[in-house]
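To start, the structure under review is shown below, and the notes come after it.
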Amino acid sequence: QVQLVESGGGSVQAGGSLRLSCAASGDTYRHYCMGWFRQAPGKERERVAALGSNGNTNYADSVKGRFTISKDSAKNTLYLQLNSLKPEDTAMYYCAADIFDTWIRFWQKYAGFCGGNMNDSKYWGQGTQVTVSS
């Protein structure tokens, strides 16, 4: 079992920055995709960034160049740096983890690349709210 806890959300003005954290605890897995999702009222959940255990990263076009996903393996923590924030970035942000005990199972689902749909990820955090005012 894995537990994910997000933090770092808040209210900022347009052009500002935030850093979201996702602390993972429980079982440790060698092969995984981890990602950040967001959902605003009336809109579909959107994957904004993903990071694989192989080091690959992927970003939604809407945030490319402004958001950066990273991890601190020693702290078992995933981060999302949000820069140049816009009002349309306002949403609840969720951390998700899809984990695998073998490389082949990871490959069979994701082909070694975490850029696809992660909506069926095994573990999800509770979310942290980001609000950007104009």
Side-chain angles (χ1 to χ4, degrees):
Q1 298 295 312
V2 174
Q3 296 79 45
L4 305 174
V5 179
E6 301 99 329
S7 62
S11 181
V12 299
Q13 294 183 357
S17 298
L18 288 170
R19 189 177 75 162
L20 308 183
S21 299
C22 173
S25 61
D27 293 344
T28 299
Y29 286 85
R30 185 175 179 181
H31 312 284
Y32 58 82
C33 288
M34 297 193 71
W36 288 95
F37 292 73
R38 67 185 182 187
Q39 188 167 26
K43 296 184 178 180
E44 294 184 350
R45 186 169 59 192
E46 174 189 26
R47 180 187 58 78
V48 299
L51 183 151
S53 52
N54 57 8
N56 290 333
T57 59
N58 184 264
Y59 298 92
D61 288 341
S62 59
V63 307
K64 194 172 297 183
R66 299 189 298 121
F67 292 5
T68 303
I69 189 170
S70 62
K71 66 178 180 181
D72 186 335
S73 296
K75 297 181 178 180
N76 293 322
T77 300
L78 183 76
Y79 301 99
L80 185 68
Q81 180 69 42
L82 301 82
N83 294 329
S84 302
L85 283 163
K86 305 174 181 179
E88 51 262 44
D89 295 319
T90 296
M92 185 73 75
Y93 283 71
Y94 298 90
C95 175
D98 218 354
I99 61 177
F100 306 87
D101 57 352
T102 67
W103 183 89
I104 187 63
R105 291 188 175 94
F106 172 52
W107 176 263
Q108 287 174 332
K109 183 171 184 179
Y110 288 104
F113 179 65
C114 297
N117 194 320
M118 292 177 56
N119 284 326
D120 61 348
S121 295
K122 189 172 184 179
Y123 298 103
W124 294 82
Q126 84 288 353
T128 185
Q129 178 69 36
V130 172
T131 302
V132 184
S133 60
S134 60

Does Ser84 offer a backbone N or O that forms a donor-acceptor pair with the side chain of Arg66 under 3.5 Å?
-> yes
If you group Ile, Leu, Val, Met, Phe, Trp and Tyr by side-chain heavy-atom gaps below 4.5 Å, do Ile99 and Met118 land in one group?
-> no
Option passing side-chain contact (heavy atoms from CB on, under 4.5 Å) with Trp36 (candidates Leu51, Leu78, Leu82, Val63) = Leu78
To the nearest 0.5 Å, what is the distance between CD (Gln13) and OG1 (Thr131)?
-> 13.0 Å
Here the gap from Arg30 atom CZ to Asp101 atom CG, rounded to the nearest 0.5 Å, amounts to 11.5 Å
Lys64 with Asp61: basic N within carboxylate O range, under 4.0 Å | yes
Is a side-chain donor or acceptor of Tyr110 paired with a backbone partner of Tyr32 at a separation under 3.5 angstrom?
-> no
Donor-acceptor contact present, side-chain Asp27 to main-chain Val2, <3.5 Å | no
Do the side chain of Glu6 and the main chain of Cys95 share a donor and acceptor less than 3.5 angstrom apart?
-> yes
ILVMFWY cluster, Val48 and Leu85 together (side-chain gap under 4.5 Å) = yes
Verify, without hydrogens or angle tests, whether Thr90 (side chain) and Val132 (backbone) share a donor-acceptor contact under 3.5 angstrom.
-> yes
Please state whether the rings of His31 and Phe106 are parallel, tilted or perpendicular, taking 30° and 60° as the class boundaries.
-> parallel
